[in-house]
2 protein chains.
Amino acid sequence: MEERLDIVFAALADPTRRAILAMLLEDDMAVTDVAEPFAMSLAAISKHLGILTRAGLISQEKRGRVKWCKLEPDSLRDASIWMQGFGQFEAVNLDAFERFLEAELNSDPPGPA
Amino acid sequence: MEERLDIVFAALADPTRRAILAMLLEDDMAVTDVAEPFAMSLAAISKHLGILTRAGLISQEKRGRVKWCKLEPDSLRDASIWMQGFGQFEAVNLDAFERFLEAELNSDPPGPA
DNA sequence: GCAATCGTCAACCGTTTGGTTGAATATGGG
DNA sequence: CCCATATTCAACCAAACGGTTGACGATTGC
């Protein structure tokens, strides 16, 4: 769970990758179309997409010869939660946050997909 | 504004640095004390603290020969906001956590540390 | 069937990163 | 004044990163 944060934050630490995520927020895209606005090779973009995929931030599905890229917004959840522990509640310690997460998990049966 | 995100996310992408932030959440600490639980040299920790400082995540103030490290929780706000842009996370939000803390506070007088 | 398109792989390159060690620079205390 | 403590600096190292290029395997359309 901890090393997942490593990968997610590292993936977010690159401006090209963040730009790609922003593009995918609008719509799913093929690899070639993702690459189009960037001043770098297709191979480089392909690598970036691999990193985003390994981080779980996007998913890729091949249909025909075109590989479609899709944002996976839920994947940011853990990282966001981790950050909220520091951001807004400075005086609050992690124990309280952990208790919160546990309580939420126990009390709240998963909502509809 | 964009490159600030680079630095912040990169700083967060290391488990040692995240652990340091968690420690500083409890209390301000001297560099030597920060280093104590880690299996690496003081110089390495000093570098990590430099990175966290440059990212604005902590601040350092020298009093006498001791340099005190202090969490700067506000610094995570921009990154958090950026992430919320992707969030259909809905589930764990600040409001829920605040209600939890309130409930906890009302029902359970805080035990000693 | 063949050529064009889509995407990845492999090798390479320069830079950055995370760590080490040893010396250097304050500062404080007896 | 001298020694111990607190911290950083500088040089070095291996590994990872972000990019390139060229070859390659699928798939599609004519």
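Below, chain A is the first sequence line, B the second, and so on; all start at residue 1.
- For the pair Leu52(A) and Leu24(A), the minimum side-chain heavy-atom distance is 4.5 Å or more.
- By the side chain to side chain donor-acceptor pair (under 3.5 Å) test, Thr53(A) is found to be paired with Gln60(A), residues two or more places apart in sequence or in another chain being considered.
- Residue pairs satisfying the ring pair (Phe, Tyr, Trp, His ring centres under 6.0 Å) criterion with at least one member in residues 6-47 of chain A, sequence neighbours excluded, are listed as follows: Phe9(A)-Trp82(A).
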Mark up nucleotides 5-10 of chain D, 5' to 3', with B wherever a protein heavy atom is under 4.0 angstrom from a base atom, S wherever such an atom reaches only the sugar-phosphate, and - elsewhere. BSBBB-
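- With contacts defined as side-chain heavy-atom distances shorter than 4.5 Å, the pair Met83(B)/Met83(A) qualifies.
- Looking at heavy atoms from C-beta onward, Met23(A) lies in side-chain contact with Pro37(A) at the 4.5 angstrom threshold.
- Against DNA chain D, the stretch residues 3-11 of chain B makes no heavy-atom approach under 4.0 Å.
- Extent of DNA chain C lying under 4.0 Å from chain A heavy atoms, first and last nucleotide in 5' to 3' order, is dA4(C) to dA11(C).
- Here dG18(D) presents its P atom at 12 Å from CG of Leu12(A), a figure rounded to the nearest Å.
- Along DNA chain C, the nucleotide nearest to His48(B) and the one nearest to Gly64(B) differ in position, and the one closer to the 5' end is contacted by His48(B).
- With a 4.5 Å cut-off on side-chain heavy atoms, Met29(B) and Val34(B) count as touching.
- Under 4.0 angstrom from either OP1 or OP2 of dT20(D) there lies at least one side-chain N or O belonging to Ser41(A).
- For the pair Asp78(B) and Val8(B), the minimum side-chain heavy-atom distance is 4.5 Å or more.
- Using a 4.0 Å heavy-atom cutoff across all strands shown, Arg17(A) reaches sugar-phosphate atoms only and no base atom.
- For Arg18(A), the side chain to side chain donor-acceptor pair (under 3.5 Å) test picks out Glu2(B), Asp6(B), with sequence neighbours left out.
- No side-chain heavy atom of Leu49(B) sits less than 4.5 Å from a side-chain heavy atom of Arg17(B).
- Within the 4.5 Å cutoff, no side-chain heavy atoms of Ile58(A) are placed close to those of Ile20(A).
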